[in-house]
Amino acid sequence: MRDSTRRALEHAAELTRNNRLVEAMATAEPVILAADEFESDEIRQWLADHADDFTPED
C-alpha cells in the first residue's frame, strides 16, 4: 500500500477516535475509491488488523 494511503487511513482512525466521523470518512473515502484491486486488498487487511485504532482509548 502506498505511504499516502496508509497515512490517510491512520489520520481517519485518529479523527474517528475524536468523534469526527464525517471528517474521517472524507479523508479515507478518496484513497479507498482510488485504490486498484491489489491496494484494495491491502487496505481491507489493514482495516481488519487495525480495527481497534478506530475506537477511543480508555
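Along the sequence shown, residues are numbered consecutively beginning with 1. Quick note: numbers below take in every heavy atom, side chains included, and nothing from hydrogens, waters or symmetry partners.
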Let me have the donor-acceptor pairs involving side chains of residues 45-52, under 3.5 Å, with sequence neighbours excluded, atom names and distances please.
residue	atom	partner	partner atom	Å
Q45	NE2	D49	OD1	2.7
Q45	NE2	D49	OD2	3.3
W46	NE1	H50	ND1	3.3
H50	ND1	W46	O	2.9

**OP:** Hey, could you give me each pair passing salt bridge (Lys or Arg N to Asp or Glu O under 4.0 Å) that has a residue in residues 37-48? Not counting sequence neighbours.
**Re:** R2-E39, D41-R44
Original post:
Taking only residues at least two apart or on different chains, which pairs with a member in residues 7-45 satisfy ring-ring contact (aromatic ring centres under 6.0 Å, His included)?
Top reply: none
Original post:
Which value, rounded to the nearest 0.5 Å, describes the distance between F54 atom CZ and L21 atom CG?
Top reply: 10.0 Å
Original post:
Looking at residues at least two apart in the chain, or sitting in another chain, which of them share a side chain to side chain contact (heavy atoms under 4.5 Å, CB included) with D3?
Top reply: R6, R7
Quick one: side chains of residues 23-33, donor-acceptor pairs under 3.5 Å with protein atoms, not counting sequence neighbours, listed by atom name and distance.
residue	atom	partner	partner atom	Å
E23	OE1	R20	NH2	2.7
E23	OE2	R20	NE	2.9
T27	OG1	E23	O	2.8

**OP:** State the CG-CD distance between L9 and E14, to the nearest 0.5 angstrom.
**Re:** 13.5 Å
